[in-house]
Amino acid sequence: MLKRIDLGRNYRNHKEEYLKAIREVCEETAFSGGKYADRFEEEFAAYIGVKAASGVDNGTSALQLAMLALGIGEGDEVIVPANTYIATAWGPTYTGATPVFADCTADTWQIDPASVRNRITERTKAIIGVHLYGQPFAYREVREIADRHGLYLVEDCAQSHSARYEGQMTGSLGDLGCFSFYPGKNLYAFGEGGCVTSNRREYIDYINILKNQGCEVRYCHDVVGYNMRMEGIQGAVLSVSLKYLDQWTRRRREIGWRYLREIQNPLFGMQAHPENTEPVFHLFVMTVPEPEDFLKYMEGIGIECHRHYPIPCHLQKAYAHLGYGKGDCPNAEYLAEHCVTLPLFPEMTEEEEDLVIRACNSYNH
Ligand SMILES: *Cc1c(COP(=O)(O)O)cnc(C)c1O
């Protein structure tokens, strides 16, 4: 069975290097925060091209801390796309703010600037744009709206490590960038991890206090804090992986563009990738008339596929109290009903790519 993603291959490719890095952390007992987490923060900030980065315990915390750094809380509204992983909406929700769901475009499947404009009220404080599936959203258009209304713009980069928009790395564009290093993301920890990036050092300084129990000077707590530090072992593992990220990204792009060229089947709908963006194909998502039927067909050939994501955020039960219904975000709803995700990861072999392409092209249910 070809898995949708096979993390074991990378581990086996670089096993000695990873184990050496983990052993070093153990020898130095730099387990929570500390030297190896700090070193990764510096490397990652340099890689993304921002002034500062703060390593945290996961991507959801990164989003929550970004909201807190911007002073967002009860009574505020934050516009987020309906077509995203639910954690994008948890960030504002945890602070007491209300997520307001915007639709995605029919072609790029990213947050739709026109829908964002329609969702703005007097309470709107920020917009979180998501570079979903590794495809940068229309940053400039959304930035213009944010600037006109005096709103913050935060990037959810959980799926877009090393993707570029007009030549610039995602995570360096908005007021803050939020990354996840959950296993399976383009850059991932051996456990949980996340990071907040920014060109405004004061945001990162404040996040460093918040994530460390609200503490700058030991045992002095000037603000209510959280325990959201990055683990040392994760920092060490991430430093090893960061060296390979460009190589992995090249492979992802090769496979992604090849799928787009060679999968030719009128039953499928493909995502648009605007010229001014350099996507990283975190997930290769396409639409099919009957996803469950397609998944079964692929499984029969020995190919595991998934669906990202079968329920759009605005129709999740957790947000039923907000009163959204079917028809509020029609493009996101269409995607939820028709999306399928093909296998795509850097260590796939050419034969496996062939297998996926052939299977897709022969599908005719
Ligand atoms: C994975 C993901 C998150 C959450 O990251 P965790 O590290 O799992 O908490 C947030 N947003 C998006 C778009 C994601 O894909």
Side-chain angles (χ1 to χ4, degrees), residues 4-5 7 37 40 44 53-68 78-95 99 101-102 104 108-111 126-137 139 142 153-163 170-171 173-174 176-197 207 211 226-231 234-235 237-238 241 252 271 279-285 306-314 316 318-319 332 335-336 339 341 344-345:
R4 194 195 63 72
I5 180 169
L7 301 182
F40 172 71
F44 196 64
S54 181
V56 297
D57 58 345
N58 60 61
T60 309
S61 296
L63 286 155
Q64 184 182 352
L65 290 165
M67 293 293 107
L68 292 169
V78 177
I79 298 173
V80 302
N83 181 38
T84 183
Y85 182 61
I86 192 72
T88 309
W90 294 154
T93 301
Y94 292 163
T95 71
F101 296 104
C104 59
T108 64
W109 306 341
Q110 305 298 322
I111 193 164
I127 302 163
I128 306 179
V130 184
H131 307 294
L132 198 68
Y133 315 138
Q135 170 58 50
F137 66 87
Y139 178 78
V142 178
L153 178 49
V154 172
E155 296 171 81
D156 181 336
C157 307
Q159 305 190 358
S160 72
H161 317 71
S162 87
T170 59
L173 303 156
L176 291 147
C178 301
F179 288 84
S180 163
F181 304 124
Y182 178 76
K185 307 287 183 176
N186 290 26
L187 176 68
Y188 60 92
F190 286 6
E192 305 278 344
C195 196
V196 187
T197 55
I207 286 170
K211 78 176 180 189
Y226 302 82
N227 179 353
M228 294 179 171
R229 291 176 296 256
M230 174 175 270
E231 292 184 349
Q234 306 311 339
V237 164
L238 286 161
S241 292
R252 284 183 178 277
Q271 189 184 15
V280 290
F281 299 97
H282 170 62
L283 299 171
F284 193 95
V285 175
H306 277 182
R307 304 196 60 224
H308 297 88
Y309 297 93
I311 305 172
C313 295
H314 68 294
Q316 294 286 356
Y319 288 122
L335 262 170
C339 63
T341 309
L344 196 164
F345 54 96

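Both counts, for ligands and for their atoms, begin at 1 and track the order of listing.
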Results of side chain to side chain contact (heavy atoms under 4.5 Å, CB included) for Glu192 - residues two or more places apart only: Asn58, Tyr182
Aromatic centroids of Phe40 and Phe181 separated by under 6.0 Å: yes
Can you list everything that forms a side chain to side chain contact (heavy atoms under 4.5 Å, CB included) with Thr93? Sequence neighbours excluded, please. Pro99, Tyr319
By side chain to side chain contact (heavy atoms under 4.5 Å, CB included), Tyr309 pairs with (sequence neighbours left out) Tyr85, Leu132, Gln159, Leu283
Which protein N or O atoms sit under 3.5 Å from any N or O of ligand 1? Give each pair with its distance.
{"residue": "ligand 1", "atom": "5 (O)", "partner": "Ser180", "partner atom": "OG", "Å": "3.2"}
{"residue": "ligand 1", "atom": "7 (O)", "partner": "Gly59", "partner atom": "N", "Å": "2.7"}
{"residue": "ligand 1", "atom": "7 (O)", "partner": "Ser180", "partner atom": "OG", "Å": "2.6"}
{"residue": "ligand 1", "atom": "9 (O)", "partner": "Gly59", "partner atom": "N", "Å": "3.3"}
{"residue": "ligand 1", "atom": "9 (O)", "partner": "Thr60", "partner atom": "N", "Å": "2.8"}
{"residue": "ligand 1", "atom": "9 (O)", "partner": "Thr60", "partner atom": "OG1", "Å": "2.5"}
{"residue": "ligand 1", "atom": "11 (N)", "partner": "Asp156", "partner atom": "OD1", "Å": "3.4"}
{"residue": "ligand 1", "atom": "11 (N)", "partner": "Asp156", "partner atom": "OD2", "Å": "2.8"}
{"residue": "ligand 1", "atom": "15 (O)", "partner": "Gln159", "partner atom": "NE2", "Å": "2.8"}
{"residue": "ligand 1", "atom": "15 (O)", "partner": "Lys185", "partner atom": "NZ", "Å": "2.6"}

Looking only at the aromatic ring of each residue, does the gap between the centers of Phe179 and His161 stay below 6.0 angstrom? yes
Could you tell me if the ring centre of Phe137 sits under 6.0 Å from that of His131? yes
